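Below is one structure, written out as C-alpha cells; comments come after it.
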Amino acid sequence: MRTSLTILCCLMLVYGMLLMLPASSQVPSIPFYQNQSVNNIAHGTGRELLPGNTLEGALNAVAVGADIIELDVHLTFDNVVVVRHDASVDATTDGVGLIADLTLAELQAFNVGFHESDYPHKLADAGIRIPTLESLFTALPDKRFLIELKPDDTETGVQLCQLVLAYGLQNQVLVGSFHSSVLQDFRQMCPQVSTSLGEEEARIFVLLSWLGLGHLYKAPGYSVQLPDKYYGLSLISRPLISAANELNLAVDVWTINDSEKMLKLLELGVDGIITDRPDILHAIDS
C-alpha cells in the first residue's frame, strides 16, 4: 500500500512538472495559412454540389466561396497524377478498375458522377471526366490546394512533388496523408512543400492535449486535419485549440456540412472547416 502511494505521488509530481514546462518550439508560419479568417475548405472539390474530385467541382467551389480546394490524388499506370478519392473508379464513374492499373486515356473515357454510396440520388451531367492534377493547377493558378496522398507508396509523392515545383505552387499546396510513413518520406524528398500531420502523428497530439500536455508536442507538420468526432468522442475542444495555438499548429476540421456545427467550430476558433458544402460555410461566415 505504501509503495503504491509512493508511486502515485511520484507520478503526480512528474505530471505537475510536465504541466509547468514551456511549450515545445513553435512551427514556423507558412504562406499557406497567412489569412486571418477561417479557411473555407472544399472537401473533394465540394462533392455535394458537383461530382467530387473534378475540375468542374473545383471551379464551382471557388465560385461559391471556397478558399482552399481539398482533393485526393492517385497515380495512373502511366505515372500521371490524377484527382480521385478511391483507389478504384467503380463507385464514382461508369467504368471499373483500379487507377493504378489504368492509363490516363483509359480513365478519361469514363463519365464521372456523384459517389454512389454517399450521394446515390444525385445525377451528374454527362461528360465530366477524371482530371489530372495538372489541369486544376492550370485552371486555378492562384488558389490553394490541400492535397491528400491516398496510396501507401513513395512514387505518388515523387510525382506530386515534381508537379508542384514545376508550377511554382509550393506556397499554395499543403500535403497530407493518413499514412504517417508516406508523409515522413515526402518531407525528406520534398522539403519545399509543407505537410500536415499523419494519422498516427495526429493521434499523439490529441492524446497529449487530453492530458493537458499538448503544448509539449513537437509537430513534424504545419497543421492537423481532424474529424469533429471519433467513435463518438468529441475531438475538437478549447484545450486542443489552445495547445495547437501554442505550437502555431493550424487545426482544420472535417467533414462539416451542417451550419450549426460550423458555427460552433467558428466559436471555438478553428483555422479551417472542411466541407462538402462550401456555399453554406461562405453564407454564414461572410
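Keep in mind that what you see is a predicted model, and the values were worked out from it rather than measured.
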Exercise for the section: Locate the shortest heavy-atom distance separating Pro28 from Asn248; write the atom from each residue and the value. Expected result: C-ND2, 3.7 Å
Problem - Set of side chain to side chain donor-acceptor pair (under 3.5 Å) partners for Gln159, sequence neighbours left out - result: Glu155
Problem - Closest approach of Ala58 to Ile69 (non-hydrogen atoms, all atoms of both residues) - result: O-CD1, 3.9 Å
Handout entry: Hydrophobic cluster partners of Val64 (side-chain heavy atoms under 4.5 Å)
Key = Leu49
Completion exercise
Note: with side-chain heavy atoms under 4.5 Å as the link, the other cluster members for Phe114 come out as Tyr119
Practice task
Without swapping roles, check the side chain of Thr156 against the backbone of Pro151 for a donor-acceptor pair under 3.5 Å.
Solution key: no
Problem - Test item: Thr275 side-chain N/O and Ile256 main-chain N/O as donor-acceptor pair under 3.5 Å - result: yes
Problem - Worked check of side-chain contact (heavy atoms from CB on, under 4.5 Å) between Ile30 and Leu174 - result: CA-CA 10 Å; Ile30 57 173; Leu174 187 88; 4.1 Å; yes
Handout entry: Connected hydrophobic set around Ile130, excluding itself, where side chains approach under 4.5 Å
Key = Val80, Val82, Val89, Ile99, Leu102, Leu104, Leu107, Phe110, Val112, Ile128
Practice task
Kindly indicate whether the side chain of Phe32, heavy atoms from C-beta on, has any atom under 4.5 Å from the side chain of Ser194.
Solution key: no
Problem - Qualifying disulfide bond (SG atoms under 2.5 Å apart) pairs, either residue in residues 116-214, two or more places apart - result: Cys161-Cys190
Exercise for the section: Examine distances only and state if a side-chain atom of Asn111 and a backbone atom of Gly127 form a donor-acceptor pair shorter than 3.5 Å. Expected result: yes
Practice task
Using the disulfide bond (SG atoms under 2.5 Å apart) rule, collect all pairs that involve residues 238-286, keeping only residues at least two apart or in two chains.
Solution key: none
Practice task
Ignoring hydrogens and angles, tell me if any N or O in the side chain of Gln172 forms a donor-acceptor pair with the backbone of Lys143 under 3.5 Å.
Solution key: yes
Practice task
Would you check if the side chain of Asn39 reaches a backbone N or O of Ile41 as a donor-acceptor pair within less than 3.5 Å?
Solution key: no
Problem - Where Leu55 and Ala139 come nearest, the two heavy atoms and their spacing - result: CD1-CB, 3.7 Å
Practice task
Quick one: closest heavy-atom pair of Val206 and Ser209, and the distance?
Solution key: O-OG, 2.7 Å
Practice task
Mind checking salt bridge (charged side-chain N to carboxylate O under 4.0 Å, His left out) for Glu148 and listing every partner two or more places apart, or none if nothing turns up?
Solution key: Lys150
Handout entry: Value rounded to 0.5 Å, distance of CG in Leu208 from CG in Leu247
Key = 9.5 Å
Exercise for the section: Determine yes or no for a side-chain-to-main-chain donor-acceptor pair under 3.5 angstrom, with Asp271 supplying the side chain and Val251 the backbone. Expected result: yes
Problem - ILVMFWY network linking Val164 to Val182, side-chain heavy atoms under 4.5 angstrom - result: yes
Exercise for the section: Show the numbers, then the answer: is there a side-chain contact (heavy atoms from CB on, under 4.5 Å) between Trp210 and Leu235? Expected result: CA-CA 9 Å; Trp210 282 352; Leu235 294 188; 3.7 Å; yes
Exercise for the section: Using the ring pair (Phe, Tyr, Trp, His ring centres under 6.0 Å) rule, collect all pairs that involve residues 136-195, keeping only residues at least two apart or in two chains. Expected result: Phe137-Phe145, Phe137-Tyr167
Handout entry: Backbone of Asn53 reached by a side-chain donor or acceptor of Asp72 within 3.5 Å
Key = no
Problem - For Asp118, all residues meeting salt bridge (charged side-chain N to carboxylate O under 4.0 Å, His left out), sequence neighbours excluded - result: Arg47
Practice task
Could you name each residue pair satisfying disulfide bond (SG atoms under 2.5 Å apart) that touches residues 93-125, not counting sequence neighbours?
Solution key: none
Problem - Residues that Glu199 engages under salt bridge (charged side-chain N to carboxylate O under 4.0 Å, His left out), provided they are two or more places apart - result: Arg203
Exercise for the section: Using atom types as modelled and distance alone, determine if a side-chain donor or acceptor of Arg84 lies under 3.5 Å from a backbone N or O of Leu75. Expected result: no
Problem - Any donor-acceptor N/O pair, His74 side chain to Ala100 backbone, under 3.5 Å - result: no
Exercise for the section: Kindly write out the residues that satisfy salt bridge (charged side-chain N to carboxylate O under 4.0 Å, His left out) with Asp279, not counting sequence neighbours, or none if the list is empty. Expected result: Arg277
Handout entry: hydrophobic_cluster_shared for Ile236 and Trp254, side chain cutoff 4.5 Å
Key = no
Problem - Distance-only side-chain donor-acceptor flag, His43 / Asn257, under 3.5 Å - result: no
Problem - Joint cluster assignment, Val224 & Leu183, ILVMFWY side-chain distance < 4.5 Å - result: no
Handout entry: Backbone N/O of Gly44 and side chain of Glu70: donor-acceptor pair under 3.5 Å
Key = yes
Handout entry: same_hphob_cluster(Leu123, Leu50) at 4.5 Å side-chain heavy-atom cutoff
Key = no
Problem - Least distance between heavy atoms, Arg129 atom then Ala109 atom - result: NH1-O, 3.4 Å
Practice task
Measure the shortest side-chain to side-chain distance between Gln225 and Leu146 over non-hydrogen atoms and say whether it is less than 4.5 angstrom.
Solution key: yes
Completion exercise
Tightest non-hydrogen contact, residues Gly46 and Pro278, listed as CA-CD, 4.1 Å
